[in-house]
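To start, the structure itself, in structure tokens.
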Number of protein chains: 2
Amino acid sequence: MTQSTIKDIARELGISPSTVSRALSDHPDISINTKKKVREWAEKLSYQPNSMAQNLKKKSSNIIGVIVPQVKHFFFAAIMGGITDIAYDAGYTVMICQSNENMQREIINTNALISHRVAGLLISVSQYTTNYEHFIQVQQRGIPIVFFDRTCEEMKASRVVVNDYGGAFSAVQYLIKCGYKRIAHLAGPEHLAISKHRFDGYCDALKAGHITFDKRLVVFGGLNEEDGVTGYNSLLEQADAPEAIFCVTDPVAIGAFSRIREDGFKIPDDIALVGFSDNPTVSLIDPPLTTVRQPAYDIGKTAAALLLEQIHLKSKKFSSKTITLETELIIRKSTRLIA
Amino acid sequence: MTQSTIKDIARELGISPSTVSRALSDHPDISINTKKKVREWAEKLSYQPNSMAQNLKKKSSNIIGVIVPQVKHFFFAAIMGGITDIAYDAGYTVMICQSNENMQREIINTNALISHRVAGLLISVSQYTTNYEHFIQVQQRGIPIVFFDRTCEEMKASRVVVNDYGGAFSAVQYLIKCGYKRIAHLAGPEHLAISKHRFDGYCDALKAGHITFDKRLVVFGGLNEEDGVTGYNSLLEQADAPEAIFCVTDPVAIGAFSRIREDGFKIPDDIALVGFSDNPTVSLIDPPLTTVRQPAYDIGKTAAALLLEQIHLKSKKFSSKTITLETELIIRKSTRLIA
DNA sequence: CACTTAATTGCAATCGTTTGCGGTAACGAT
DNA sequence: ATCGTTACCGCAAACGATTGCAATTAAGTG
């Protein structure tokens, strides 16, 4: 029924709880005899220490909190995999919350995690988060925090990101090399760092390729599949169909992909398409998508490792660092040489 | 720096911690004046209650523990979404662990969650788990437990599953109706309930279609993509290529899909393919996959709701129930009418 | 004025665990 | 017989919050 405690073992053996505690932690003051008996009874009662009591005493937990927009997206799911693997190895457990791209919910999640006195926080911010007060709060409490992917540039905090700029640049550069001239960009929310960096990469690649920027070929929107179709629609409203589209994420590319096929256009013959992430899906569609690979699982591992490092440093040397992982252009069949 | 406590507020106002506690919980004994001052200071110190202390006192937590094989698989990721949504609405937080299909790790995860005194446990067992001792332990402690998808039939416990048998049956029945005769089955691990049920559905559909069962057309394996390619390989070792393959999961189907394409065979002309789950990927590949849809997000929601129900019932009326969600055959282009 | 009653608040114990410090017993040494 | 060691072990406080009960004060009553 109810869980057994150190006191139960103590009562059973007619000794004090302190002795049991020390016996279980192999304290030298305790005789091997007592230790053996304590361990036997602990086993017999299938005793499991109460982490809450332990953490309360220690004034620190072995929980790391994670907030992501939506777990169901492969990118975040893969990151979660990396995080939980690292946490597991370090003896930590992870508490996960999803903001559902909603700032209010993100705030509540943050407070819930604070209440649980997480040892640290791993966050990828909601695309509609515009105010960072709740994250600043976290720092003021001395809770280590590491942002990943969707970072918060306004804050002095550690981050794990990928080379968004470089990835975007090489993707667009490649399109230009293929001979495309009218290259559109389905961008993300304007205030998000990843959007900005990928947009910058797009712009600079155009510049480097001596193609003049045409703002009618850029539409800012969201990061998910539905944004791909709405984005493509508003692209067509502003101008004639472009020759190629560089999308801010794979889901956006998938959205555009479906929309394009609906129109009966052929990829890459009528229009080329490039994504960003290399989700497993995009290599299986027809034609398989050219995309910029980012190492999702490694982002999770790296972010978790960085957080653990900060946790163990105890805010001594609070040197927030940014780790940038490399991206890689994966060329598939949704783009081709023309002219 | 350090988090403020009820005592800090008490000291600040020159009152006792008990009064602060009662004020914060709006106890009628406390004067509105005191309440106002307490709330002001709580706000000023950005006080967040220490859940550990609260839970220790209450001898129960507001954490629900989840163990899944791998979060990165869409099916589980989507379920996680459902779980966290329901948990959020009920004021619970979610602790997530992944077993990585490893029983030892599953055991350690279970103990970690027990240590954190989770209010309840949601589990989808690893495909290599053969011993259920650790789950029985959980029940003996009086911790509510709900299995989902990969359930544990040997135990008297609540479950949320889909109609695996019916889904498999209708899929194979459909294949027969299409005119296929040599229908193979890439099955899952033999001891897993979902494998068994889907296999049974396969068998019974054959029987109903007056097709004699050929054991060379069935290979038992794993549930993931790699198992699709190895499964397909051993299928070819045992017999000539079948006309159609019913796969135990979408990832297995994807594995077989890639393998079949490598061989230069055409789907569905040379060979038909059916999956199970309706992961988003399979509708995008070419040809889009015929599959049995199971409502992943709803499985998560249902399992979480059922668990919460059990938690609130406090083991009073311990009536373990099984909720079966319906499946739906989604017919796409990886199968066709023949002859 | 003495006494009851209502309105507030504080004391102290409790949840399960940890840990500094003090205590006891046994032993050998002087 | 006295003292010092050594080896074990227990007491009690503490972590932060909650809560039954007692205490205090003020107000109301006869």
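Throughout, a chain's letter reflects where its sequence line sits, starting with A, and its residues are numbered from 1. Only a predicted model underlies this, so the values are computations on that prediction, with no experimental measurement involved.
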Base of dG10(D), side chain of R22(A) - is there a donor-acceptor contact under 3.5 Å?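 Pair found.
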Hey, are D8(A) and K44(A) close enough for a salt bridge, meaning a charged N less than 4.0 Å from a carboxylate O?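 Salt bridge: no.
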D298(A) with K301(A): basic N within carboxylate O range, under 4.0 Å: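 Judged by the 4.0 Å cut-off on N to carboxylate O distance, D298(A) and K301(A) do not form a salt bridge.
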For [N], does OP1 or OP2 lie under 4.0 Å from any side-chain N or O of [X]?
X      : N       : value
Q54(B) : dT18(D) : yes
K59(A) : dG16(D) : yes
S16(B) : dG10(C) : yes
T34(B) : dT9(C)  : yes
K7(A)  : dC15(C) : yes

Over all strands shown, is T5(B) touching base, sugar-phosphate only, or nothing at heavy-atom distances under 4.0 angstrom?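 Sugar-phosphate only.
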Is S18(B) touching bases, backbone alone, or none of the nucleic acid, heavy atoms closer than 4.0 Å?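 Base: the residue S18(B), judged by heavy atoms under 4.0 Å, touches a nucleobase.
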Here's a test for you: under side-chain contact (heavy atoms from CB on, under 4.5 Å), which of D149(A), L223(A), V68(A) qualifies with F75(A)?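 Testing each of D149(A), L223(A), V68(A) against F75(A), the sole residue satisfying side-chain contact (heavy atoms from CB on, under 4.5 Å) is D149(A).
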Gap between atoms CE and C1', on M52(A) and dT14(C) respectively (whole Å):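 Computing the M52(A):CE to dT14(C):C1' distance gives 16 Å.
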